[in-house]
Trainee: 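Questions regarding the structure given below will be posed in turn.
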Number of protein chains: 2
Amino acid sequence: MDTEKVFSYKEPEENSGYLLWQVTMQWQLNMNRALGKMGLTLTQFSLMAGLYWLSQKQQTVTQQQLADYANTDKMMTSKVLITLEKKQFLERVKDPDDSRAKQLKITKKGTQTLKEAYQIVKQVDDVFFKNVFKDKTVFDDLLTRLIK
Amino acid sequence: MDTEKVFSYKEPEENSGYLLWQVTMQWQLNMNRALGKMGLTLTQFSLMAGLYWLSQKQQTVTQQQLADYANTDKMMTSKVLITLEKKQFLERVKDPDDSRAKQLKITKKGTQTLKEAYQIVKQVDDVFFKNVFKDKTVFDDLLTRLIK
DNA sequence: CTAATTTAGTAGTCGTAACTACTAAATTTA
DNA sequence: TAAATTTAGTAGTTACGACTACTAAATTAG
């Protein structure tokens with residue numbers, strides 16, 4: 001049988017990448033289930049949070065700027081932002097200085113939803129990371145070293 | 001402006017969950033780009049690798065068993081397995097003992113592809129985790145504690 | 001042994017995520 | 001300043017990933 005040929009092969013659980021993947025999928029699932037109760041996905045929340053942050057740093061925020069900040073591609077970002085506009089969580093206004101660009105403005109409803117969603121996210125994170133809490137700095141350092 | 005209302009809010013980069021998400025997305029992207037050169041996605045590779053492993057532990061493997069092993073849902077697994085069968089990497093044979101079930105058999109072509117893909121995966125992993133190599137045990141331990 | 005329940009798999013939906021390809025506007029440079 | 005290049009955003013494709021809903025077969029229970 002083909003499968004009896006032996007070639008060096010780690011069991012999935014022995015592989016850092018696979019572990020990372022599994023853990024993140026679980027975290028994401030928890031987040032999406034919790035956020036789903038208020039009609040948000042994790043990606044939607046994350047873009048709204050990013051917009052909130054960027055809005056505090058600069059007067060105007062374009063879709064491209066938000067995409068850069070959130071490390072999402074502009075095509076996907078565009079679609080999610082259209083969805084968020086339909087839900088009236090933000091507005092996409094034509095930029096007067098650059099007629100290609102859209103300025104993003106979070107609405108009152110959006111801010112309120114974000115505020116509530118953030119409580120949920122914080123709660124889910126606390127539960128999820130409680131097993132690692134003492135080593136949180138170590139954990140975050142290791143992750144940070146893996147970025148880029 | 002709405003966004004000037006202050007409410008406690010961590011910057012994304014200060015958040016373990018967000019870091020985890022970003023790192024995993026980057027790892028996944030690297031993997032998918034590398035595996036893409038040989039016509040595989042990470043998920044396809046992962047299911048083939050899981051099938052390979054399970055095949056060594058038991059005589060027969062059903063879709064459900066593979067899904068359980070890989071922590072994927074059976075609906076998604078079914079679709080990916082149909083794709084893999086079309087690519088002739090495996091066969092889905094009717095189980096003689098349980099006519100609801102499909103027995104999965106990796107083909108010669110599948111084994112060969114898996115072998116080559118594994119070299120790629122190993123390579124990408126080595127590069128990706130090189131910054132953490134000395135702390136690999138610590139890293140894997142922390143991740144393992146987060147599972148389930 | 002029949003009815004109720006569980007199990008294995010498929011079909012189809014929604015929302016990313018990574019693409020290619022495109023339009024139109026802004027910027028650079030020759 | 002006209003031409004070449006870059007930039008901001010949209011449209012559409014493929015492939016998960018998490019669902020609901022369904023069929024049919026196997027198992028359990030009364």
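Proteins come first, then strands; the chains are lettered A, B, ... in the order of their sequence lines, and each starts at number 1.
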Trainee: Closer to the 5' end of DNA chain C via nearest nucleotide, is it Lys102(B) or Pro96(A)?
Mentor: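 On the 5' side of the pair lies Lys102(B).
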
Trainee: What is the separation between atom CZ on Arg92(B) and atom P on dG9(C), rounded to the nearest whole Å?
Mentor: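 So the two atoms are 9 Å apart, to the nearest Å.
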
Trainee: With rounding to the nearest 0.5 Å, note down the distance linking CZ in Phe45(B) to CD in Glu116(B).
Mentor: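 Phe45(B) CZ to Glu116(B) CD: 12.0 Å, rounded to 0.5 Å.
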
Trainee: I need a per-nucleotide contact map over nucleotides 12-17 of chain D, read 5' to 3'. Cutoff is protein heavy atoms under 4.0 Å; write B for the base, S for backbone only, - otherwise.
Mentor: BB-SSB

Trainee: Would you kindly give the CG-to-C1' distance between Asp95(A) and dA8(D), to the nearest whole Å?
Mentor: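 Interatomic distance, CG of Asp95(A) to C1' of dA8(D): 10 Å.
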
Trainee: Extract all donor-acceptor atom pairs below 3.5 Å that involve side chains of residues 28-35 of chain B and protein atoms in other chains or at least two apart in sequence.
Mentor:
unit_1, atom_1, unit_2, atom_2, d
Asn30(B), OD1, Gln26(B), NE2, 3.4
Asn32(B), OD1, Leu42(B), N, 2.8
Asn32(B), ND2, Gln28(B), O, 3.3

Trainee: Just how far is it from atom CG of Leu143(B) to atom NZ of Lys136(B), taken to the nearest 0.5 Å?
Mentor: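 Taking CG in Leu143(B) and NZ in Lys136(B), the distance rounds to 9.5 Å.
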
Trainee: Side-chain donor-acceptor contacts of residues 89-96 of chain A below 3.5 Å, not counting sequence neighbours, with atom names and distances?
Mentor:
unit_1, atom_1, unit_2, atom_2, d
Arg92(A), NE, Gln63(A), OE1, 2.9
Arg92(A), NH1, Glu85(A), OE1, 2.9
Asp95(A), OD1, Asp97(A), N, 2.8
Asp95(A), OD1, Asp98(A), N, 3.3
Asp95(A), OD1, Gln103(A), NE2, 3.4

Trainee: Restricting both atoms to N or O, compile the protein contacts to nucleotides 22-25 of chain D shorter than 3.5 Å, with distance only.
Mentor:
unit_1, atom_1, unit_2, atom_2, d
dA25(D), O3', Ser99(B), OG, 2.9

Trainee: Check side-chain hydrogen bond (donor to acceptor under 3.5 Å, both in side chains) between Asp73(A) and all other residues, then give those that pass, not counting sequence neighbours.
Mentor: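 Scan of Asp73(A) (side-chain hydrogen bond (donor to acceptor under 3.5 Å, both in side chains), adjacent residues dropped) gives none.
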
Trainee: Would you check if the side chain of Gln44(B) reaches a backbone N or O of Thr41(B) as a donor-acceptor pair within less than 3.5 Å?
Mentor: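 Yes.
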
Trainee: Nearest 0.5 Å, please: how far is CG in Leu142(A) from CZ in Phe129(B)?
Mentor: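 Answer rounded to 0.5 Å: 10.5 Å.
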
Trainee: Give one of base, sugar-phosphate or nothing for Thr77(B), where a contact means two heavy atoms less than 4.0 Å apart.
Mentor: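 Thr77(B): no heavy atom of the nucleic acid under 4.0 Å.
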
Trainee: Gln65(A) side chain N/O closer than 4.0 Å to the phosphate oxygens (OP1, OP2) of dA8(D)?
Mentor: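 False: Gln65(A) side-chain N/O out of range (4.0 Å or more) of dA8(D) OP1/OP2.
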
Trainee: Using whole Å, what does the distance between atom P of nucleotide dA8(D) and atom CG of Asp97(A) come to?
Mentor: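 Rounding to the nearest Å, CG of Asp97(A) and P of dA8(D) are 13 Å apart.
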
Trainee: Go nucleotide by nucleotide along DNA chain D from the 5' end; which of Gln26(A) and Gln64(A) gets its closest nucleotide reached first?
Mentor: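 In this pair, the answer is Gln64(A).
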
Trainee: If you compare every side-chain N and O of Lys94(A) against the phosphate oxygens of dG9(D) (OP1, OP2), does one of them come in below 4.0 Å?
Mentor: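 No, Lys94(A) has no side-chain N/O under 4.0 Å of OP1/OP2 on dG9(D).
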
Trainee: Which residues within residues 30-38 of chain A lie with some heavy atom under 4.0 Å of an atom in DNA chain C?
Mentor: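 The answer is none.
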
Trainee: Expressed in angstrom and rounded to an integer, what is the separation of Phe45(A) atom CZ from dG15(C) atom C1'?
Mentor: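 Atom CZ in Phe45(A) sits about 18 Å away from atom C1' in dG15(C).
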
